[in-house]
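Below, chain A is the first sequence line, B the second, and so on; all start at residue 1. These numbers come from the heavy atoms of this one structure, side chains and all, not from hydrogens, waters or symmetry mates.
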Number of protein chains: 2
Amino acid sequence: MARKRFDDSKCSVARALNEVGDWWSLLIVLHAMYGTRRFVDFQQQLGIAKNILCDRLAKLVDNDVLRKVDVGEHGSRFEYRLTEKGRDLFPVVVALRQWGDKWNPTPEGLPLDLRDRETSQPIQQVTVQSSDGKTLTIRDVFDYEQTH
Amino acid sequence: MARKRFDDSKCSVARALNEVGDWWSLLIVLHAMYGTRRFVDFQQQLGIAKNILCDRLAKLVDNDVLRKVDVGEHGSRFEYRLTEKGRDLFPVVVALRQWGDKWNPTPEGLPLDLRDRETSQPIQQVTVQSSDGKTLTIRDVFDYEQTH
DNA sequence: CAATAGGGTTGCTTTACGAAACCAAATTGA
DNA sequence: TCAATTTGGTTTCGTAAAGCAACCCTATTG
């Protein structure tokens, strides 16, 4: 039987994963955030096969995460730019990157943290916060208990 | 040729996706945060085939996201519990859920937001923040420009 | 002894993926 | 000016992997 799809799942995480939950899509979004816009640049930076890139870009455009913009003089030159929906994945990507840096650091061990370009200060760890700014754990939000 | 793997990628997002970037893994982690611990409960709640669940649980245990705990009197009763590494995915999951709620709301349209159980107040949107607490955009962190 | 939990195995279909061919528009260059 | 090449992207194809269903097996619970 076909792979299960989550388009109509009642779980919004499942629906989100349906759009950006495969191997390549979130990496494409990440590189779009780095500033990449052109097909060939995505291809070279990611080392992805052209047909797969083609497919993923089309799906991301379909899902309104990217926008395909004609930038050619007479057509046939395109750029893929993040929509607001795509830009809204910023916290997801940063949280994932911080998680990867913390738990799977490079063998070289350089932390290479992200910084606020204006102040050159490292950014904060992405956390879940209550309305008054306290950092929340799983226990505070879900009915989750950990008997260590 | 085989699917590309990112174990040794210099990009920590790629390495992270290598561990939790497939269709099922993050949903399993999510349900573990909801409180699910048992094989059959995961299977029924997710509607996942048993061998796939088996495989994913083993990989998550291998990657130290889950811990397999023997809770039987004489063995053969197990629970899968989040490790600290697994619990550390909390901001990722919440950010993804908020993104899904915002951009792919349920047809019924109920926001069904997350709340701090102690105060019953809705939690904040997960954001990327500077060291002094300002919310940062992509532009503030990456060399990203958007010509609208 | 029956039912349930926690898997493992087999068989089959669908998808993901890379390689490479293909193609139209743009550029080069003679 | 007109063939040759490059750029940007799509299509085709063969293979490897993902995925589901169904059956099996052991140990525990009741």
What nucleotide among D:dC20, D:dG8, C:dG18 has an atom nearest to a side-chain atom of A:A49?
-> C:dG18
Round to the nearest Å and state the distance from B:R37 atom CZ to C:dA5 atom C1'.
-> 17 Å
Heavy-atom pair with the smallest gap, counting every atom of B:D88 and A:W103 = OD2-NE1, 2.9 Å
Decide side chain to side chain contact (heavy atoms under 4.5 Å, CB included) for A:I28 and A:L66; before the verdict, give the C-alpha distance in whole Å, the side-chain angles of both, and the deciding distance to 0.1 Å.
-> CA-CA 10 Å; A:I28 292 173; A:L66 295 179; 4.3 Å; yes
Value in whole Å for how far the C1' atom of C:dA16 lies from CG of B:D22 = 13 Å
Check against side chain to side chain contact (heavy atoms under 4.5 Å, CB included), A:R115 and A:I123 | CA-CA 5 Å; A:R115 289 171 181 275; A:I123 67 173; 5.5 Å; no
In whole angstroms, how far is the P atom of D:dA18 from the CD1 atom of B:I28?
-> 14 Å
Taking atom types as modelled and ignoring hydrogens, do the side chains of B:S12 and A:D101 form a donor-acceptor contact shorter than 3.5 angstrom?
-> yes
Find every protein N or O atom lying less than 3.5 Å from an N or O atom of nucleotides 7-9 of chain C, and list the pairs.
residue, atom, partner, partner atom, Å
C:dG7, OP1, B:K68, NZ, 2.7
C:dG7, OP1, B:Y80, OH, 3.3
C:dG7, OP2, B:Y80, OH, 2.2
C:dG7, N7, B:K50, NZ, 3.1
C:dG7, O6, B:K50, NZ, 2.5

Rounded to whole angstrom units, what separation is found between the CG atom of A:D70 and the C1' atom of D:dG8?
-> 12 Å
N-O pairing of B:K59 and B:D22 below 4.0 Å | no
Provide, to the nearest angstrom, the distance between the CZ atom belonging to A:F42 and the C1' atom belonging to D:dT7.
-> 17 Å
Taking only side-chain nitrogens and oxygens of B:W24, does any of them come within less than 4.0 Å of OP1 or OP2 of D:dA18?
-> no
Can you tell me how far P of D:dA17 sits from CD1 of B:I52, to the nearest Å?
-> 14 Å
Using a cut-off of less than 4.0 Å, is there contact between a side-chain N or O of B:R38 and OP1 or OP2 of C:dA5?
-> no
N or O in side chain of A:R56 less than 4.0 angstrom from C:dC17 OP1/OP2 | yes
Is A:E19 paired with A:K85 through a side-chain N to carboxylate O contact shorter than 4.0 Å?
-> yes
Rounded interatomic separation in angstrom, taking CD from B:Q45 and P from C:dA5 | 13 Å
Once you round it to whole Å, what is the distance between P of C:dG6 and CG of B:L66?
-> 14 Å
With a 4.5 Å limit on heavy-atom distance, are the side chains of B:L114 and A:F142 in contact?
-> yes
